[in-house]
Amino acid sequence: MKDAEAKDPFVCLIERVSRALSENLGIDELKAWRLLLQPIKEEYGDLGFPLMRYVKGRRLDAIEILNDIMTRLKNSGIDYVNIELVSGFMNFRLNIPESFKRLVFLMKKGWRPRPEVCSEAKRIVVEHTSANPIHPLHMGHARNSILGDTLSRLLKARGHRVNRRFYIDDVGRQVAIAVLGFELLNIKNPKMLSEELRIKPDHLAGWIYATTHTAMDVVKAKNDGKSKELEELAYSLARLEEREPVGGWTEKILNSISLVDDPEKLISRLINRYERGLEPERTIVRTVSEFVLEGFKETLKRLKIEFDHWDWESDLVWNDLVSEILDRAKKSKYYMIHKGVEAINIPEIIKEIVLKDKDMKKNFKIPRNLEVPPLILVRSDGTTLYTTRDIAYTIKKFREFSADKVINVVGAEQRLPQLQIRLALLGLGFRKEALNLIHYDYEMVRLVGMKMSGRRGVYMALDNIFDEVKARAKEEVLKRNPNESLEWIDSVAEAVALGAIRFSMIQSSASKPLTFDPEKALNFKENSGPYLQYTYARSVGILEKVGEIRWNLIDYEGCKDPMRRRLIVNAMKFPMIAAKAADDLAPEDLATYLLKLSDSFNAWYQRDPVIRESNEGIKYCKVAMVKFISETVKKGLELLGIPPLRRM
RNA sequence: GGGCCCGUAGCUCAGCCAGGAUAGAGCGCCGGCCUCCUAAGCCGGUGGUCGGGGGUUCAAAUCCCCCCGGGCCCGCCA
C-alpha cells in the first residue's frame with residue numbers, strides 16, 4: 001500500500017474497535033462505528049460507546065469485552081488509546097502525541113484527509129434538477145441541484161461510481177405551452193433574438209411561457225364567465241406586461257389566443273404530434289427546449305454543477321422504451337382499465353406483493369390507511385403521462401449505467417407519484433429496480449414574503465439571487481482588499497457568493513421546509529459558507545507566513561495542551577464523519593461538522609499564536625496542526641462544492 | 001375526509017430513525033478585543049414548560065397513543 005493511501009491512526013482505531021464490538025455484541029459493524037462517532041462530553045473521553053444498551057439482560061461481561069478489545073488493539077499495534085468503563089459507557093481516550101505523530105508521518109509523505117472509502121463500491125445514478133425547460137431555475141431548483149450535486153460529490157468520495165443525470169422534460173404540457181407562445185410571437189430563431197435583446201434564454205422563455213399560460217387562462221375564464229378569477233388573471237397579465245421584452249407582445253399573445261376556438265385542443269394536438277415525432281413540431285419543440293437548456297447550463301456552471309448525461313424524455317417515447325413498458329403493462333396481471341383508460345392496478349400490487357412480504361412492507365413503508373390510486377398510463381387522447389414515461393426512464397437509468405441504485409432528487413410534494421412508480425415497477429416484474437430506486441425528497445423553498453408561481457411568472461430566479469449575493473460579497477471583498485485588481489475582486493466575490501448559496505441550501509436537513517431569506521444569505525458571518533472559506537483562507541495565510549514546514553523539529557508533547565488536543569481529535573474524525581454523511585445521504589451533517597471544526601480552529605489560533613511561538617518544537621507542532629486542519633477544511637469544502645479560497 | 005412532513009431559546013436550526021451521562025450551535029441583544037499570523041474573526045454575558053396531554057421504561061426531546069398548530073399531497077399536470 002502506498003503511503004498516500006495508508007489509513008490514519010483514527011480510522012484504524014475505529015475499524016478495529018467496531019469489529020471487536022460487532023463480534024462481541026453481535027451487532028452490525030457499521031452500527032458500531034456509527035455509535036462510536038456520536039459526540040460525547042469531553043471529560044468522558046474522545047469516543048464513547050453505550051455498552052449497557054447491549055450488555056443488559058444478557059450474559060455478557062463488560063470487563064471481558066473491554067479486555068478483548070484491548071488485546072486486539074495491542075495485537076494490531078494500536079497502543080495510543082486508553083479505555084475505561086464508566087456507568088455503562090465504554091469511554092476511549094486517545095494518546096494524542098502518539099497518534100498525531102503517526103498522522104504527521106503520513107502527511108509528510110503526501111497523505112491528505114478524505115472520507116473513508118467504503119468496502120463495497122456501488123454504481124449509483126443521481127438524477128437531479130430536471131427542471132422543465134420553460135423558465136429560469138429558481139430557488140426551489142437551487143435546493144434540488146445543490147442537494148443532488150453535493151450527494152454526488154459525497155458518494156463519489158466514498159468510493160462509489162456515480163452517474164449524474166438531468167432529465168429533460170420536453171414532452172409535457174408545460175413545454176407545449178411555451179412552444180405555443182414562441183409560435184404566436186412567430187419567433188423562428190430564439191437564440192438570435194435573445195442575443196439581440198440581451199436577455200438570457202431561460203429568462204426570455206420564462207416570460208413567454210407565463211404570459212401564454214396566463215393568457216390561456218384568461219380566455220378560459222372569459223368563456224366560463226368566471227369574473228372573479230378573470231380579475232386576478234388580468235392583474236397577473238398586467239404585471240407580466242410591465243416586464244415584456246418587446247412592446248406589444250402581451251397583446252399579441254392574448255389576441256392570438258382569443259382567436260382560437262379551443263386553445264386546449266391546440267396544446268393537445270401539439271403534444272400528440274410531438275410524441276409521434278412528427279415535423280414541424282419535432283424541430284420546433286427541440287429548438288425551444290435546447291434554447292432554454294443553454295440558459296440552465298450557464299446557471300449550473302456558475303454553481304459548479306455538472307452532469308454526465310442529459311436525457312430527453314422524448315427519446316424514451318421515440319425509442320420505444322415507453323411502448324415497451326406499455327406492452328409489458330398490457331401483459332401484466334395488474335393491467336386494468338380505470339375510468340375508461342389504461343392503468344396499472346396499484347392497490348392490487350400492494351395487496352398481493354407488498355403486504356405479503358415483511359421486507360417489502362419495511363421497504364415501502366405504506367401507511368395503513370393510505371389509499372394509493374391506480375396509475376393511469378395513457379390519456380384518452382392517446383398521449384402518455386409523466387409517470388408512465390418516468391417508469392421507462394427508471395429502467396433506462398438502471399440499464400445504461402448497470403446501476404445498483406438510482407437516486408431521484410425530487411420534491412416531497414411528489415411523494416405519491418414516486419411511490420406509485422416504484423409500486424408499478426414492482427408489479428411489472430422490475431423487483432430489483434423497485435427496491436433500489438430512492439426518492440430523495442426535500443421540502444419546499446419558501447421565499448420570505450413571496451408566493452411563487454411559475455405559471456404567472458412570479459418567481460425569484462437563481463441568477464438574480466446569485467447576482468444580488470455577489471454584489472454584496474463584492475462590497476466586503478473590496479473593503480478588505482482595496483488595492484487588488486477588479487478582476488481578482490470579482491472572482492473572489494463570485495466564489496464567496498457561491499459558498500453562501502451552496503451552504504445555505506444544504507445546512508438544514510432536506511426534510512425541513514427551507515425559508516430562504518435573501519437578507520440572511522447576505523450574512524457572511526458564522527454558520528455560513530463564507531465563514532468556512534474564511535477559516536481556510538486564514539489557515540493558508542498562516543502556512544504561507546511560516547514557509548517550509550520543518551517536520552523533524554516537531555515536539556509532540558505540544559499537543560497535550562487541552563485546546564490543541566481537542567482540535568486534533570475533532571479533525572481526526574473527519575474521514576469517518578464524511579463517510580457517515582455519504583452513507584446517510586446527509587450532507588447537512590458534514591456541514592455542521594465543518595462549522596464546529598472551524599469554530600474550534602478559529603478560537604484556538606486566536607488565543608495560541610503560531611508564528612510568534614518562541615519554542616521551535618512547539619511552534620512546528622502548531623504548524624503541523626494548522627496544516628492538518630487546513631487540509632481537512634479544504635477537503636470538506638470541496639465535498640460541499642464550495643471553492644476553497646487561499647485569500648479573501 | 002384520508003395520508004405524509006414539520007413544531008426544541010426572540011429568530012434559523014442540530015440532537016429523534018438505532019432511548020441513557022447537567023438539552024447544543026449560530027443569529028439577535030448587552031459588554032469587551034485591531035501598534036500582535038486577514039475583525040467574514042475572537043472573548044464574556046443573555047436566553048429553553050424540547051407544541052400539549054397520556055402511556056411504555058430503571059431511564060423519554062428521542063419509542064407508542066390522542067390532541068393542537070403550520071406546510072404538502074390525494075388530477076387523463078409535472
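Note on naming: letters A, B, ... go to the chains in the order of the sequence lines (proteins, then strands), and numbering restarts at 1 for each one. Quick caveat: nothing in here was measured; it's all calculated off a predicted structure.
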| query | What distance, rounded to whole Å, do you find between the two C1' atoms, one in B:A9 and one in B:C29? | reply |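 After rounding to an integer number of Å, I get 13 Å for this pair.
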
| query | Using a distance-only test with no angle check, is there a side-chain donor-acceptor pair under 3.5 angstrom linking A:Ser289 and A:Asp170? | reply |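 Not at all, the side chains of A:Ser289 and A:Asp170 share no donor-acceptor pair under 3.5 Å.
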
| Short side-chain donor-acceptor distance under 3.5 Å, A:Asn144 and A:Tyr442 | yes

Name the nucleic acid region contacted by [X], choosing base, sugar-phosphate or nothing; use a 4.0 angstrom heavy-atom cut-off, strictly under.
X        : answer
A:Ala537 : base
A:Tyr386 : base
A:Gln533 : nothing

| said: Taking the six-membered ring of A:Trp488 as reference, does the cationic atom of A:Arg647 (NZ for Lys, CZ for Arg) lie under 6.0 Å from its centre and within 45° of its axis? | reply: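 A:Arg647 over A:Trp488 ring: yes.
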
Atom pairs, N/O to N/O, protein against nucleotides 13-16 of chain B, distance under 3.5 Å?
{"unit_1": "B:A14", "atom_1": "OP1", "unit_2": "A:Ser509", "atom_2": "N", "d": "3.4"}
{"unit_1": "B:A14", "atom_1": "OP1", "unit_2": "A:Ser509", "atom_2": "OG", "d": "2.5"}
{"unit_1": "B:A14", "atom_1": "OP2", "unit_2": "A:Lys512", "atom_2": "NZ", "d": "2.1"}

| field | Distance flag, aromatic centroids of A:Tyr167 and A:Tyr393, threshold under 6.0 Å | value | yes

| note | A:Tyr534 has its side chain closest, among B:A39, B:A21, B:G44, to B:A39

| Which nucleotide in the list B:C42, B:G3, B:C76 gets nearest to the side chain of A:Arg379? |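 Ranking B:C42, B:G3, B:C76 by closest atom to the A:Arg379 side chain puts B:C76 first.
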
Pair [X] + [Y], salt bridge at N-O below 4.0 Å:
X        : Y        : answer
A:Lys479 : A:Glu475 : no
A:Glu127 : A:Arg165 : no
A:Asp490 : A:Lys470 : yes
A:Asp262 : A:Lys220 : no

| query | So, is A:Asn602 close to the B:G41 phosphate, meaning a side-chain N or O under 4.0 Å from OP1 or OP2? | reply |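 No.
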
| said: Looking at A:Arg538, I'd like to know whether one of its side-chain N or O atoms comes within less than 4.0 Å of OP1 or OP2 on B:C42. | reply: no

| message | Short of 4.0 Å, heavy atom to strand atom, which residues of residues 489-498 of chain A count as contacting RNA chain B? | response |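 Nucleic-acid contacts, sorted: A:Val496.
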
| request: Measure the acute angle between the ring planes of A:His135 and A:His138, then classify it against the limits of 30° and 60° as parallel, tilted or perpendicular. | output: tilted

